[in-house]
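Only this structure's heavy atoms are used, side chains among them; waters, hydrogens and symmetry mates stay out. All of these numbers come straight from a predicted model, not from anything done at the bench.
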Amino acid sequence: MIRFVLPLAILLSTWLHAERAPPVRVSYTSEQIAKSKKIKHLIVIFQENWSFDSLYGTFPGVEGLSSAKPENSIQIDLEGNAYPSLLKCVNADTGALYSEIPKNLPNAPFDLSKYLPMQEKTGDLIHQFYQEKLQINGGRMNRFAAWSDAGGFVMSYYDISKTRMGMLSKQFTICDQWFHSCYGGSMCGVLWLFSAQMPVCPNAPKKIVASVLPSGVMSQDGLVSPDGYAINDMQPFFWPYVVNTPQELRMPPQRYKTIGDLLSEKMVSWKWYAEGWNRAVKNDPDPSFAYHHQAPVYFEQFGPDTDARKEHLFDLEQFYDDLKQGTVPEVCFIRSTDLNSQHPGVGGLLRGLDWCADLIEKVQKSSAWADCAIILTYDENGGRWDHVAPPIVDAFGPATRVPAIIISPFAKKNFVDHTQYETVSVLKFIEERWELPSLSTRDAKANNILNAFNFN
């Protein structure tokens with residue numbers, strides 16, 4: 001575990017005077033919502049670990065890097081002083097400095113392509129629950145470097161506008177106010193996508209429970225919050241999971257309802273497609289298969305040998321077969337291996353972008369395309385900086401802004417949607433399109449993504 005001990009005055013100053021605003025809510029009439037029934041297939045592609053500014057900050061028309069104010073981009077230390085230059089850039093996987101990156105860059109975002117091409121694998125920055133809260137610093141967005149293990153690397157970005165995925169994005173709708181729903185890493189991100197709430201981990205071993213000061217800041221990090229929520233990545237209780245993970249360190253089975261349960265109750269067809277699933281179940285996993293990215297596995301109702309697992313959890317190869325056969329279900333969730341997910345520390349960014357473009361182009365050439373909508377978004381920011389303060393709803397988020405692209409025959413063309421969304425806006429759309437109840441107050445109040453479409 002990582003231990004942080006700081007003067008209480010500094011910690012208090014980090015948390016007091018937070019000025020994040022509540023979300024700007026948008027509502028639609030029943031007639032407007034009814035038009036979304038023209039969409040017969042929804043495909044959700046959930047990628048990994050990039051903030052909006054770090055991939056789309058250079059795109060025309062977006063709230064991007066050129067809009068960042070100094071007070072939201074100049075990074076400060078824990079005493080509130082601006083760094084005279086950007087902290088040295090550290091490869092968080094090795095602990096070594098990036099020799100290719102100058103050691104005295106200005107205290108500002110910088111174009112990483114000048115030093116490392118998109119094809120190259122880079123280190124995986126720390127991206128955990130308490131650290132992200134501290135980085136956001138009450139909406140000031142200026143302590144990302146101070147609370148990272150990568151130093152100034154948090155301020156790096158790429159201009160992906162000329163990649164295949166970048167050009168595809170510009171043809172449809174880019175959402176530039178989309179925030180991941182929960183602070184921290186991938187496990188919470190994917191569980192919010194599937195259930196709109198935090199996983200619970202009661203009676204966790206003390207060694208994995210975080211210690212938190214009266215100010216609300218951790219004095220010792222952990223996987224579980226003092227009040228029993230699983231806040232950082234844990235392995236699922238049910239198979240498949242990383243072999244030899246002790247039972248007491250795996251997430252207890254979750255028993256609350258998910259979007260999958262609601263869809264099944266309404267007899268709406270759906271599948272969760274995971275690249276490498278068949279190999280993982282056979283205990284011959286792809287080296288970059290991420291067990292903690294598979295949300296249904298955390299729930300008792302989708303445990304091994306259940307009918308629900310057999311009916312709804314599939315390898316990605318089945319998705320391609322369904323495309324060819326014209327049997328794509330009404331709602332699809334797609335997870336790649338980390339090699340193809342754009343996850344830093346595993347595969348190069350360009351490989352993951354091209355993987356997305358390949359998949360989307362296959363959908364466009366299929367019979368499903370005519371009445372389909374694709375949402376491509378990211379589980380979390382991966383520890384990278386973004387300049388836009390997220391709105392605040394509750395103790396869990398929303399968190400840092402991430403990219404989201406809406407691709408559909410019905411999507412507005414060459415459009416930037418400035419509506420405030422979060423991860424659970426995906427669920428809001430599903431619930432209103434297929435007339436389902438909400439899973440929690442978060443998805444009930446989230447904005448539907450209808451502004452991204454033109455159904456006329």
Side-chain angles (χ1 to χ4, degrees), residues 44-57 92 122-136 141 143-144 147-150 153-157 175-199 221 223 225 229-234 290-295 298 333-336 338 340-347 349 352 356 375-405 420-427 442 446:
V44 182
I45 306 171
F46 213 41
Q47 291 290 91
E48 288 283 311
N49 294 44
W50 290 86
S51 70
F52 186 90
D53 274 336
S54 63
L55 291 186
Y56 285 85
T122 61
D124 183 20
L125 299 71
I126 193 169
H127 45 284
Q128 299 201 141
F129 184 87
Y130 290 113
Q131 285 86 342
E132 187 172 2
K133 275 192 169 186
L134 291 160
Q135 289 173 323
I136 289 170
M141 315 305 285
R143 282 197 170 129
F144 277 75
W147 285 101
S148 180
D149 56 356
F153 198 69
V154 297
M155 302 299 289
S156 61
Y157 68 88
C175 302
D176 73 346
Q177 299 293 319
W178 188 294
F179 304 87
H180 67 100
S181 283
C182 175
Y183 307 111
S186 297
M187 182 197 74
C188 284
V190 74
L191 288 175
W192 276 79
L193 173 69
F194 199 56
S195 67
Q197 55 195 290
M198 286 295 288
D221 205 359
L223 304 178
S225 68
Y229 291 100
I231 53 174
N232 289 315
D233 293 348
M234 298 179 68
Y291 301 91
H292 64 288
H293 293 173
Q294 315 309 328
Y298 285 88
F333 298 95
I334 293 179
R335 296 306 314 254
S336 71
D338 270 349
N340 294 320
S341 73
Q342 306 169 43
H343 197 303
V346 185
L349 171 63
C356 290
I375 302 174
L376 168 63
T377 188
Y378 291 70
D379 61 350
E380 31 94 354
N381 68 316
R384 269 188 159 85
W385 169 81
D386 190 272
H387 81 275
V388 175
I392 188 162
V393 176
D394 55 35
F396 306 117
T400 308
R401 190 172 61 145
V402 295
I405 314 300
Q420 284 188 338
Y421 301 120
E422 58 169 306
T423 304
V424 297
S425 291
V426 175
L427 302 185
R442 281 286 284 277

d(Ser225 OG, Met198 CE) to nearest 0.5 Å is 6.5 Å

What residues form a side-chain contact (heavy atoms from CB on, under 4.5 Å) with Ala196, not counting sequence neighbours?
Val424, Leu427, Leu439, Ser440, Asp443

From Trp192 CH2 over to Thr423 OG1, what is the distance, rounded to the nearest 0.5 angstrom?
9.0 Å

Can you sort out the partners of Ala230 under side-chain contact (heavy atoms from CB on, under 4.5 Å), two or more places apart, ordered by chain and number?
Met187, Pro199, Cys201, Met234, Met251

Side chain to side chain donor-acceptor pair (under 3.5 Å) partners of Gln135, counting only residues at least two apart:
none

Working to the nearest 0.5 angstrom, can you tell me the gap between Leu125 CG and Asn49 CG?
9.0 Å

Rounded to the nearest 0.5 Å, how far apart are OG1 of Thr122 and CG of Leu349?
8.5 Å

Is there a side chain to side chain contact (heavy atoms under 4.5 Å, CB included) between Tyr229 and Phe129? Walk through the geometry before answering.
CA-CA 11 Å; Tyr229 291 100; Phe129 184 87; over 6 Å; no

Are the side chains of Tyr298 and His292 in touch, meaning some heavy atoms are under 4.5 Å apart?
yes

Do Pro344 and Trp50 touch side chain to side chain, with heavy atoms closer than 4.5 Å?
yes

Tell me, please, which residues at least two apart from Arg442 pass side chain to side chain donor-acceptor pair (under 3.5 Å).
Asp394, Glu422

For Ala295, enumerate each residue passing the side-chain contact (heavy atoms from CB on, under 4.5 Å) test, keeping only those at least two apart in sequence or located in another chain.
Val190, Leu191, Phe194, Trp272

So, Arg401 side chain and His387 main chain: donor-acceptor pair closer than 3.5 Å or not?
no

Scanning both residues in full, the closest heavy-atom pair of Thr377 with Ala404 reads OG1-CB, 3.7 Å

Over 60° means perpendicular and under 30° means parallel, so classify the ring planes of His293 and His343, tilted if in between.
parallel

Where is the tightest heavy-atom contact between His127 and Gly383, given as atom of each residue plus distance?
CB-N, 3.5 Å

Would you confirm whether Arg335, through its side chain, and Phe46, through its main-chain N or O, come within 3.5 Å as a donor-acceptor pair?
yes

Evaluate the side-chain proximity of Met141 to Pro390: yes if any heavy-atom separation is below 4.5 Å, no if none is.
yes

What is the minimum heavy-atom distance between Phe52 and Cys175, and which atoms define it?
CE1-O, 3.6 Å

Tell me every residue that passes side chain to side chain donor-acceptor pair (under 3.5 Å) with Ser341, counting only those two or more places apart in sequence or in another chain.
Asp338

Spell out, as yes or no, whether a donor-acceptor pair under 3.5 Å connects the side chain of Gln128 to the backbone of Asp233.
no

Indicate yes or no for a side-chain donor-acceptor contact from Glu380 to the backbone of His180 under 3.5 Å, with no hydrogens or angles considered.
no

Which atoms form the tightest heavy-atom contact between Ala150 and Ala92, and what is the distance?
CB-CB, 4.5 Å

Phe179 side chain reached by Pro391 side chain, heavy atoms, under 4.5 Å
yes

Could you report the tightest heavy-atom contact between Ala399 and Tyr183, atom names first, then the distance?
CB-CD2, 3.6 Å

Please check if the number of heavy atoms outside Tyr291 that lie under 6.0 Å from its OH is greater than 12.
yes

For residues Asp176 and Tyr56, determine if any side-chain heavy atom of one lies less than 4.5 Å from a side-chain heavy atom of the other.
no

Value for OH (Tyr378) from OG1 (Thr400), rounded to nearest 0.5 Å, stands at 15.5 Å

Indicate whether the side chain of Asp149 and that of Gln131 have a donor and an acceptor atom separated by less than 3.5 Å.
no

Measure the CG-CH2 distance between Asp53 and Trp385 for me, rounded to the nearest 0.5 Å.
4.5 Å

Under 3.5 Å, is there a donor on one side chain and an acceptor on the other for Asp379 and Ser186?
yes

Please name the pair of heavy atoms, one in Ser425 and one in Ala446, separated by the smallest distance, quoted to 0.1 Å.
OG-CB, 4.0 Å

Is any side-chain heavy atom of Phe144 closer than 4.5 Å to a side-chain heavy atom of Asn381?
yes

